[in-house]
Amino acid sequence: VQLQASGGGLVQAGGSLRLSCAASGRTFSSSGMGWFRQAPGKEREFVAGISSSYTTYYADSVKGRSTISRDNAKNTVYLQMNRLKPDDTAVYYCAASRASWVGIDSRVFGSWGQGTQLTVSS
């Protein structure tokens, strides 16, 4: 699976943004998908995941203000983020799981997109 993330940008605190990740390959619908992020000087961290059966998972830091979704007809996974905070500033990566499920461990994911920068200004 090849992944192409997009939708990042500069947003004011309190604003919203939707990230998209287009996937190529025949296995998208049967693959779990996830979003990770990496802020400067920090390790990459799990943000959200969605299984092939549409079960969703969120990091506590974004729970309640973010929604991950997928459109198998378009081979695309989305991450809608609301009430953005400066702490959300990071490069966001989408990833495809090696299986139908997802986990917070990055080793679960076998394919990664190139990343898209989200900057939240205060």
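Heavy-atom basis, side chains included; hydrogens, waters and symmetry copies ignored. The structure presented is a predicted model; accordingly, all values stated were derived computationally and were not measured.
Looking only at side-chain heavy atoms (C-beta outward), S66 and R83 stay at 4.5 Å or farther from each other. Side-chain contact between I50 and V77: present, with at least one pair of heavy atoms (C-beta onward) separated by less than 4.5 Å. Side-chain contact check for C21 versus W35: some heavy-atom pair is nearer than 4.5 Å. For the pair L79/R18, no side-chain contact is recorded, criterion being any heavy-atom separation below 4.5 Å from C-beta on. Side-chain contact check for R44 versus W112: some heavy-atom pair is nearer than 4.5 Å. Looking at heavy atoms from C-beta onward, S100 lies out of side-chain contact with S51 at the 4.5 angstrom threshold. Considering only heavy atoms from C-beta on, M33 comes within 4.5 Å of L3 through its side chain. Contact check for L17 versus L84: side-chain heavy atoms found under the 4.5 Å cut-off.
Considering Y92, F109, Y93 in turn, F109 is the only one that fulfils the ring pair (Phe, Tyr, Trp, His ring centres under 6.0 Å) rule with F36.
Taking both residues in full, the closest heavy atoms of S97 and V108 are given as OG-CG1, 3.5 Å, listed atom of the first, atom of the second, then distance. Between G25 and N75 the shortest heavy-atom distance is O-ND2, 3.4 Å. Residues P86 and A13 come closest through the heavy atom pair CD-CB, 4.1 Å. Summarising the geometry of A39 relative to T89, their closest heavy-atom pair is CB-O, 3.6 Å, with the distance given to 0.1 Å. Of all heavy-atom pairs spanning G15 and V11, the tightest one is CA-CG1, 3.9 Å.
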*I would like to know whether Y57 and V102 meet side chain to side chain contact (heavy atoms under 4.5 Å, CB included); could you show each step before the answer?*
CA-CA 8 Å; Y57 307 86; V102 297; 3.4 Å; yes
*List the steps, then state whether side chain to side chain donor-acceptor pair (under 3.5 Å) holds for Q117 with T119.*
CA-CA 6 Å; Q117 175 72 48; T119 302; 3.3 Å; yes
_The test is side chain to side chain contact (heavy atoms under 4.5 Å, CB included); show your working for V47 and Y58 and say whether it passes._
CA-CA 6 Å; V47 177; Y58 298 94; over 6 Å; no
*Determine, stepwise, if the pair D87 / K85 fulfils salt bridge (charged side-chain N to carboxylate O under 4.0 Å, His left out).*
CA-CA 5 Å; D87 284 349; K85 307 174 182 180; over 6 Å; no
*List the steps, then state whether side chain to side chain contact (heavy atoms under 4.5 Å, CB included) holds for M81 with T67.*
CA-CA 7 Å; M81 300 188 72; T67 303; over 6 Å; no
*Start with the C-alpha gap between S106 and E43, add the side-chain angles, then the distance that decides, and say whether side chain to side chain contact (heavy atoms under 4.5 Å, CB included) holds.*
CA-CA 11 Å; S106 63; E43 294 186 353; over 6 Å; no
*Report the C-alpha distance between T76 and D71 in whole Å, list the side-chain angles of each, state the deciding distance to 0.1 Å, and finish with yes or no for side chain to side chain donor-acceptor pair (under 3.5 Å).*
CA-CA 5 Å; T76 302; D71 185 338; over 6 Å; no
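More than 12 heavy atoms of other shown residues, nucleotides or ligands fall within 6.0 angstrom of atom CD in Q114.
Rounded to the nearest 0.5 Å, atoms OG1 (T27) and CZ (R98) are 12.5 Å apart. Annotation: the span from N72 atom CG to K74 atom NZ amounts to 12.0 Å, rounded to 0.5 Å.
Hydrophobic clustering (ILVMFWY, side-chain heavy atoms < 4.5 Å, transitive): F46 and Y54 are in distinct clusters. No continuous path of hydrophobic side-chain contacts links V62 to Y78 [ILVMFWY only; heavy atoms under 4.5 Å].
A salt bridge links D88 to R65: at least one charged side-chain nitrogen sits closer than 4.0 Å to a carboxylate oxygen.
In this structure, R70 forms a cation-pi arrangement with F28, its terminal cationic atom sitting closer than 6.0 Å to the ring centre and no more than 45° off the ring axis.
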